[in-house]
Amino acid sequence: MSLRGFLEQMEAEGEILHIKEKISPRFEIAAMMKAFDDGPILLFENVKGYSAKVVANVCATRKRICRALNISEERLYQKLIEAWRNPTKPKIVKDTPVKEVVREKFSLSEIPILTHFKYDAGPYITSAVISAKSPDKKVENVSIHRLQVLGNDKLAIRIVPRHLHRLWLLAKEENKDLDVAISIGLHPAVHLAATAAVPFGISEYYVANTLLGGKFRLVECEHIDAYAPAEAELVLEGKLSISEMIDEGPLVDITGTYDIKRKQPIVKIVGVMHRQDYLYQALLPSGNEHKLLMGLSRETTIWEAVSKVVPKVKAINLSPGGGGWLHAIISIEKQTEGDAKNALLAAFAAHPSLKHAIVVDTDINVYNLEEVEWAIATRFQASEDLIIIPNARGSTLDPSTDQEMGTTTKMGIDATRPLKKPKEKFEKAETSKSRNVEELIEKYMAKCSP
Ligand code: MN
């Protein structure tokens, strides 16, 4: 149930690349992460100026996320929905590895926090899961936020108007800073849970517990009133200020463009808990891992919504080229003419940031963009199969969205084959392979590959 446990499993499966050469957390590690964007997990064992190792790209492939949850890729959306609908209370424990070291005197400069892109405002913590409770302690929220390092004990936090923001407003009413546990180095299920589409009032820790089959554990922080994952590598205990605001950003976000500078609140670090030999977990903004962690819960929401209007949804890809956020490719089994258009409308309603959506038949692999393009080339007529919705709400992460109004033009493409025309006309032609030729292909392919 820990990051370490998962890494052990991945080590056995040959999914970890150990980098023993000296490397700097300023730009160099990020450049390596980018180069191995959807490849193996990277373990940087010799980080210039630091004793802690850095682990990166942990959740960078769908395959690894499914391995972490111990399910097949086809079961992923159902598994997430089950956990969202049936959150269960994790056990609270006292003695845990994250309490091997508990300190008040601590400097953020001890941690190998990465600086990622050339014009980023500075070093940023990007993989932290943040939990906080409402002033009346009745509501707990767990979510992921970027944190800019501003000094030895000070961070700026970006909070968009969602659940943590609501807790922050409640704290403001009480005129008391908000205690926040900032946990780093976590099992993939905890990251996935933190992005769950559950309403305010449901703790994402409970979702993590269901995802982990009831084996997730929490621990009380030492210097603040908040819970943290008992198996975390490192927990920063902070006070989220209700009054002190500061310039946050710019920083590259999910679309791979620089998000702008804004006034955001600060977090003052008042204590820290960590394993003796803690691993620092890095996450590359706009990397495949970022897109998957943010996108998977949206794919699940879209899958659920589209499943309500068409009989069968096979797969959904919030594609990397669309920032894992703005573009969806959806494959459906069409039964009636018009199913694909209803699927498009349902998808746009389910994910308000969605900008372009393409619906294809189930013979098209949604992860193979060449096949998707082929479906558009051979099964789509713009005069009949295109939907354009101007002035709808979009995502400000898209620089082409009206940055003041937040409006965008949405476009839906129905690239499914028409039902009434002869089916054979639209079929993907396949060569027929005898056993003999299959063996020959295999033999000569092996010779061709390096
Ligand atoms: Mn929430």
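Remember, it's 1-based here, ligands and their atoms both numbered in the order they're listed.
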Can you confirm whether [X] is buried at [atom1], in the sense that more than 12 heavy atoms of other residues, nucleotides or ligands lie under 6.0 Å from that atom?
X    : atom1 : answer
D95  : CG    : no
R166 : CZ    : no
R162 : CZ    : no

Do you know which N/O/S atom name in E204 is closest to the Mn ion (ligand 1)?
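So the atom name we want here is OE2.
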Closest to the Mn ion (ligand 1), among the N/O/S atoms of H163, is atom ND1
>> Check K268 with D177, please: is the shortest side-chain N to carboxylate O separation under 4.0 Å?
In response: no
- N/O/S atom of S203 under 2.8 Å from the Mn ion (ligand 1), yes or no? no
